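Predicted model, so just to flag it, every value in this text is computed and none were measured.
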Amino acid sequence: FTYHTKYDIDIRRTVKLRPIADEGIRLMVGNIEACDDVWVVSKGAGESLKALGFSGETHVMTNGVDFAKGRVPEEIVSEVTAGYDLPQGVPVLLFVGRMMTYKGLPLILDALKLFSETGQDFRMVFVGKGPDQELLEKQALQLGISDRCIFTGPIYDRDKLRAWNTRADLFLFPSTFDTNGL
């Protein structure tokens with residue numbers, strides 16, 4: 001079994017009645033304990049599993065990444081980012097992942113509001129999709145920064161993701177949820 005996400009948070013988010021959610025988590029831990037080998041992606045992931053009642057042994061097996069190293073040529077970056085409002089000289093901030101509030105995305109937006117109050121221009125690019133995207137777009141609008149926030153939707157092509165990484169000045173990932181994000 002590979003334990004690579006805090007399933008209990010998703011269970012509690014989906015199942016609103018606490019006793020039923022608790023039972024679901026108990027059953028999940030029981031199923032995990034029935035496995036011959038349990039791999040976790042980090043020491044912290046193992047600690048999260050133990051906090052749920054898991055009493056077995058875990059082995060840390062870090063994520064493998066097949067993302068090519070290095071920057072993408074400028075012409076490819078221009079091609080991938082064409083059509084987006086990304087003025088030269090304006091910092092580009094990037095998040096790539098599921099659009100979920102528990103990944104710290106409201107924190108990014110709150111920080112960008114403060115950043116904008118200093119008079120500094122920026123562009124915040126969110127790559128991905130998820131159930132909280134509409135909520136996040138509304139938050140950006142309420143904070144008065146939606147004109148500087150870009151929601152591209154999901155991008156699965158690794159070369160296009162590399163182009164976004166090349167174009168960005170800073171990658172933001174304030175998640176306290178992820179056990180070892182890719």
**Prompt:** Any side-chain heavy-atom pair from Cys149 and Leu136 closer than 4.5 angstrom?
**Reply:** no
**Prompt:** Do Tyr102 and Ile9 have side-chain heavy atoms sitting under 4.5 Å apart?
**Reply:** yes
**Request:** Take Asp22 and Arg18 through the test salt bridge (charged side-chain N to carboxylate O under 4.0 Å, His left out) and record every step on the way to the result.
**Result:** CA-CA 6 Å; Asp22 289 345; Arg18 185 175 177 95; 3.8 Å; yes
**Item:** Thr58 to Gly46 - nearest heavy-atom pair and separation
**Value:** OG1-CA, 4.4 Å
**Residue pair Asp169 / Pro91: nearest heavy atoms and the distance that separates them** = OD2-CA, 3.2 Å
**Asked** Hey, is the main chain of Val77 close enough, under 3.5 Å, to the side chain of Lys160 for a donor-acceptor pair?
**Response** no
**Fill in**
Heavy-atom closest pair (Arg13 atom, Pro131 atom, distance to 0.1 Å) is NH2-CG, 3.8 Å
**Request:** Measure the spacing between CD1 of Ile25 and CD1 of Ile11 and express it to the nearest 0.5 Å.
**Result:** 5.0 Å
**Request:** To the nearest 0.5 Å, tell me how far Phe126 CZ sits from Leu94 CG.
**Result:** 9.5 Å
**Minimum heavy-atom distance Val15-Ile20, with the two atoms named** = CG1-CG2, 3.6 Å
**Asked** Is a side-chain donor or acceptor of Asp132 paired with a backbone partner of Thr101 at a separation under 3.5 angstrom?
**Response** yes
**Request:** Nearest 0.5 Å please: distance from the CD1 atom of Ile32 over to the CG atom of Leu27.
**Result:** 11.0 Å
**Asked** Given side chains that start at C-beta, do those of Val125 and Leu86 come closer than 4.5 Å, heavy atoms only?
**Response** yes
**Asked** Is Leu107 reachable from Leu135 through a run of hydrophobic residues whose side-chain heavy atoms are each under 4.5 Å from the next?
**Response** no
**Arg123 side chain vs Val92 backbone, donor-acceptor pair below 3.5 Å** = no
**Asked** Below 4.5 Å, heavy atoms only, C-beta onward: do Met99 and Leu105 meet side chain to side chain?
**Response** yes
**Item:** 4.5 Å side-chain heavy-atom contact, Ile145 and Phe122
**Value:** yes
**Prompt:** How many angstroms lie between NE2 in His59 and CG in Asp37, if you round to the nearest 0.5 Å?
**Reply:** 4.0 Å
**Asked** Side chain of Ser78, backbone of Glu75: donor and acceptor closer than 3.5 Å?
**Response** no
**Message:** How close do Leu161 and Val127 get, counting heavy atoms only, and between which atoms?
**Reply:** CD2-CG1, 3.9 Å
**Lys50, NZ atom: more than 12 neighbouring heavy atoms under 6.0 Å** = yes
**Prompt:** Would you say the side chain of Pro174 lies within less than 4.5 Å of the side chain of Ile108, judging by non-hydrogen atoms?
**Reply:** yes
**Prompt:** According to the interplanar angle, ranging from 0 to 90°, do the rings of Phe95 and Phe173 count as parallel (below 30°), tilted (30 to 60°) or perpendicular (above 60°)?
**Reply:** parallel
**Message:** Do Met28 and Leu52 make a side-chain contact, defined as non-hydrogen atoms from C-beta onward lying under 4.5 Å apart?
**Reply:** yes
**Prompt:** Just wondering, do Phe54 and Val38 contact through their side chains at under 4.5 Å, heavy atoms?
**Reply:** yes
**Prompt:** Can you check side chain to side chain contact (heavy atoms under 4.5 Å, CB included) on Ile76 and Thr166, steps first, answer last?
**Reply:** CA-CA 10 Å; Ile76 295 174; Thr166 299; over 6 Å; no
**Asked** Run the side chain to side chain contact (heavy atoms under 4.5 Å, CB included) check on Glu47 and Val40 step by step: do they pass?
**Response** CA-CA 9 Å; Glu47 290 168 357; Val40 295; over 6 Å; no
**Item:** Audit row: Phe1, Leu49, side chain to side chain contact (heavy atoms under 4.5 Å, CB included) steps and yes/no
**Value:** CA-CA 12 Å; Phe1 184 86; Leu49 184 56; 5.8 Å; no
**Request:** Treating Ile, Leu, Val, Met, Phe, Trp and Tyr as nodes and any side-chain heavy-atom pair under 4.5 angstrom as an edge, say whether Leu141 and Leu93 lie in one connected cluster.
**Result:** no
**N-O pairing of Glu23 and Arg26 below 4.0 Å** = yes
**Separation of Arg148 CZ from Gln120 CD (nearest 0.5 Å)** = 10.0 Å
**Asked** Does Leu170 belong to the same Ile/Leu/Val/Met/Phe/Trp/Tyr cluster as Val90, with side-chain heavy atoms less than 4.5 Å apart forming each link?
**Response** no
**Message:** What verdict does the side chain to side chain contact (heavy atoms under 4.5 Å, CB included) test give for Leu172 and Met124, after you've listed the backbone C-alpha separation in whole Å, the side-chain angles of each residue and the deciding distance to 0.1 Å?
**Reply:** CA-CA 9 Å; Leu172 303 177; Met124 178 66 220; 3.8 Å; yes
**Prompt:** If you measure from CZ on Phe151 to CD on Glu137, what distance do you get to the nearest 0.5 Å?
**Reply:** 5.0 Å
**Asked** For Tyr84 and Ile150, which heavy atoms make the closest approach, and how far apart are they?
**Response** CD2-CG2, 3.4 Å
